[in-house]
Amino acid sequence: MGDGASSSGGGVAEGGETVIVDHGRRRSSCGYCRSTSHSCISHGLWAYSITVDDYQELLDRGWRRSGCFLYKPEMERTCCPSYTIRLKVEDFSPSKEQARVQKKMQRFLDGTLDVKKPEQVKLTQDSSKSRCMHADASPTTVPNAPVSESSSSSSSDKISSADPYLHYLEKKIDDALSTPALLAEFPIIQVPKAIVKRVTSQAKRKISNVTEDLLYTSNISFQVAAALRRSLLTEDDGQSGLSRSSASQHGNLINFSPNTVAEKLAVFINGQGDIHGLSIKACSGHLNFYSTTKLPGTDFLSSEACAHSDGKRVNPKRSCMSGGGIGQHHKRRRLEIRMKRSSFDPEEFALYRRYQIKVHNDKPEKVSESSYRRFLVDTPLVFVPPISGNETVPHCGLGSFHQQYLIDGKLVAVGVVDILPRCLSSKYLFWDPEFSFLSLGKYSALQEINWVKEAGIHCPGLQYYYLGYYIHSCSKMRYKAAYHPSELLCPLRYKWVPFYIARPLLDEKPYVVLSDFTAQSDGFSNQFTDGLSSQSELRSEDDDLNEASSEEDDSDDNEPGIEGTTVGTEAELVVETGTTLASDDLGPVDLSNIMIDLNGLRIKYKELEHVVGPIDKMHQNLLEKQLHRYVKVVGEKLANHVVYTLG
């Protein structure tokens, strides 16, 4: 017998063979359709130990594991047929949505991502209000009284009355343009009035790489530049502006672009001293006002890009200069991804608990250390260490692992995976809810795919990424098929079928013998081109779906292999013993070489009576039916060398 289900230290089996206990057919409530009538039907095995090769074979027959418990849906009977789904990584190319997720993470690491957590919005607004309300404590005061609407009927005055900062900044610009120094620079008869606008969070989201501390903007420089041009072209009538004859004396004015005007204004206003906690910078002709005090939640944010107040994208080739010519410095972050063998880690458990409570609304008392260990730490897989020169084992070995994601040393996500001879099988992912804006579910899946690609260079046999089960009727599962080109496992013949063939069939009914339809389509010469066209259409649909939903909720795309939660606890399960159905009949099956473990004694079935004595007919029939069903669900190849435990 093996060394047991798991070692006490790490929960990883260290034996060298597969030893199981047959739990027979089981019924439980369904975690997908929420049925409470025990409509989820599966076959169950408890594994004391299992080799990575044997578990790979079981995966390719529709099995999955939750801790040390292995289960396979009874596809014809269960309420939600679950198809194993996989991706050949060398054929994978990311969709538009998946590429956006990767770019978002890179911008975050570079320090150029504009994002604010929802709970920080109120803090930022309260901070701005506080600065306005306590302006009288500052050397430069901000008027607290609203601007009288009688001074102007424009909507800008009404907005200014709601935010004293706007009127204060407008007056600052107007005063600057009225000084002799700038009047000499800009000889305009009628100086336009400045209008300052608050830059809304909606406008910031439309603009790439805009800093969160950008608060206000003004387009006064465009008005000044236009007024200068009009002055140059105005006839000299003795009253209005410069004459054409004197235009040559002011030829340099024609070179005053809005950007030049904005830069001169920024330098002049900044030179007058502190503007109540704001700095002013010129960017593409706009005067932008930034907070010089770090606002709550801006630890994630920094960028030297600037934006127009109307939300249009700024040409990145155009300069964005401050009044003093000093650029902003970005705080870069470091992402570290570690692959460690499955073991209990208090920091991981704390993250898992926070994730389950905040994302899945689990009751705190339900998220216990013991349930976490059973679900995500304990494993029956026999660890295979890396061997120098062996091209079948990756550098980390084969077995069960926790892939940790750390940003600047902080644990933000953990992917629970099994690394097997032909694949990486993704089991579960949990992440820090504070980092939901990074779409860590999608990002981790892309990293796992990339891991298989890189490991496959050293281990040519390692080619696939398994995403767990795909349930066509469950909307939470749709993201799995977005990793193109995926395949589904036929539940009868255990052949892999392209998803583009399976999808229209599953639209009609939940259980389909998929391989029947691949055989029927073999005779059509246009199958391949039709398949490519179908995949292109699917990708387009998935991109549209992802674009529509990505801003709403990222809790459904985060956990390849969530199926472990549908198995249920022992108290919720109904075990069917001695029940025989017509479809259980395999016809003649050779049971003679099945290895039986009876209280530590290993005996082949054909030798059982010689060792234990005669067995009465009723018990012998029950045992043979149980073994027949066991052979059906695991296959004859595995049944002939797996140790089957009785008692």
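Positions are given from 1, in the same order as the sequence printed here.
The aromatic rings of Tyr372 and Tyr352 sit tilted relative to each other, their planes meeting at an angle between 30° and 60°. Using the six-membered ring where Trp is involved, His472 and Tyr470 have ring planes that are tilted, between 30° and 60° apart. Using the six-membered ring where Trp is involved, Phe375 and Tyr428 have ring planes that are perpendicular, over 60° apart on the 30 and 60° scheme.
Looking at Arg26, its side chain never comes within 3.5 Å of a backbone N or O of Ser42 through a donor-acceptor pair. Using a distance-only test at 3.5 Å, with no hydrogens or angles considered, no donor-acceptor pair links the side chain of Thr78 to the main chain of Pro81. Looking at Asn640, its side chain does come within 3.5 Å of a backbone N or O of Glu636 through a donor-acceptor pair. A donor-acceptor pair is defined here as one N or O able to donate and one able to accept, closer than 3.5 Å; no such pair exists between the side chain of Ser486 and the backbone of Phe499. Between the side chain of Tyr483 and the backbone N or O of Ile449, no donor-acceptor pair lies under 3.5 Å. Looking at Tyr405, its side chain never comes within 3.5 Å of a backbone N or O of Gly415 through a donor-acceptor pair. At least one donor-acceptor pair closer than 3.5 Å links the side chain of Ser82 to the backbone N or O of Cys80. When atom types are taken as modelled, the side chain of Ser444 and the backbone of Gly441 share a donor-acceptor pair closer than 3.5 angstrom. In this structure, Glu336 contributes its side chain and Gly409 its backbone to no donor-acceptor pair below 3.5 Å. Looking only at distances, no side-chain donor or acceptor of Ser66 sits under 3.5 Å from a matching main-chain atom of Phe69.
In this structure, Leu335 and Ile407 approach most closely via the heavy-atom pair CD1-CG1, 3.9 Å. Minimum heavy-atom separation, Ile20 to Thr18: CG2-CG2, 4.0 Å. Residues Ser93 and Gln98 come closest through the heavy atom pair O-OE1, 4.4 Å. Shortest non-hydrogen contact noted between Leu59 and Leu420 is CD1-CD1, 3.3 Å. Pairing each heavy atom of Ser39 with each of Cys30, the nearest pair is OG-CB, 4.4 Å. Here the closest heavy-atom approach between residue His395 and residue Pro386 is recorded as O-CG, 3.3 Å.
Two rings, from Trp431 and Phe437, have their centers 6.0 Å or more apart. Centroid-to-centroid, the aromatic rings of His484 and Phe92 stay 6.0 Å apart or farther.
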List the steps, then state whether ring-ring contact (aromatic ring centres under 6.0 Å, His included) holds for His628 with Tyr630. CA-CA 5 Å; His628 270 75; Tyr630 164 71; over 10 Å; no
Take Glu74 and Arg25 through the test salt bridge (charged side-chain N to carboxylate O under 4.0 Å, His left out) and record every step on the way to the result. CA-CA 8 Å; Glu74 292 270 355; Arg25 183 179 289 114; 3.4 Å; yes
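With respect to Asp362 and Arg353, no salt bridge is recorded, no charged nitrogen being found less than 4.0 Å from a carboxylate O. Note on Lys88 versus Glu90: salt bridge recorded, some NZ/NE/NH1/NH2 to OD/OE distance being below 4.0 Å. No salt bridge links Lys427 with Asp418; every basic N to acidic carboxylate O contact stays at or beyond 4.0 Å.
Residue Ser515 holds its OG atom at 6.0 Å from NZ of Lys495, rounded to the nearest 0.5 Å. Separation of atoms OG (Ser473) and CG (Asp507) is listed at 11.0 Å; rounding is to 0.5 Å. Distance check, rounded to the nearest 0.5 Å: CD of Gln56 to CG of Leu381 gives 10.5 Å.
Sorted by first and then second residue, the salt bridge (Lys or Arg N to Asp or Glu O under 4.0 Å) pairs involving residues 396-407 (not counting sequence neighbours) form an empty list.
For Arg373 and Phe344, the positive end sits near the middle of the six-membered ring, less than 6.0 Å away and at most 45° from its axis. Geometrically, Arg333 engages Phe108 in a cation-pi contact, judged by NZ or CZ lying under 6.0 Å from the ring centre and within 45° of the ring axis. Geometrically, Arg341 does not engage Phe401 in a cation-pi contact, judged by NZ or CZ lying under 6.0 Å from the ring centre and within 45° of the ring axis.
Lys637 is linked by a side-chain contact (heavy atoms from CB on, under 4.5 Å) to Glu57, counting only residues two or more places apart in sequence or in another chain. For Lys509, the side-chain contact (heavy atoms from CB on, under 4.5 Å) partners at least two apart in sequence or on another chain are Val512.
Under 3.5 Å, the side chains of Asp110 and Gln106 contain a donor-acceptor pair of N or O atoms. Judged by distance alone, the side chains of Asp22 and Tyr644 do bring a donor and an acceptor atom under 3.5 Å apart. Donor-acceptor pairing under 3.5 Å is recorded for the side chains of Tyr466 and Asp60. Judged by distance alone, the side chains of His360 and Tyr355 do bring a donor and an acceptor atom under 3.5 Å apart. There is a side-chain donor-acceptor pair under 3.5 Å between Thr379 and Ser400. Counted by atom type alone, His458 and Glu391 present zero donor-acceptor pairs between their side chains at under 3.5 Å.
Checking Glu454, Gln447, Glu448 one by one against Asn450, the side chain to side chain donor-acceptor pair (under 3.5 Å) holds for a single residue, Glu454. Under the side-chain contact (heavy atoms from CB on, under 4.5 Å) test applied with Pro394, the options Ile419, Val452, Leu424 reduce to a single match, Ile419.
Contact check for Trp451 versus Val417: no side-chain heavy atoms found under the 4.5 Å cut-off.
The local environment of NZ in Lys358 is sparse, with at most 12 non-hydrogen atoms from other residues, nucleotides or ligands closer than 6.0 Å.
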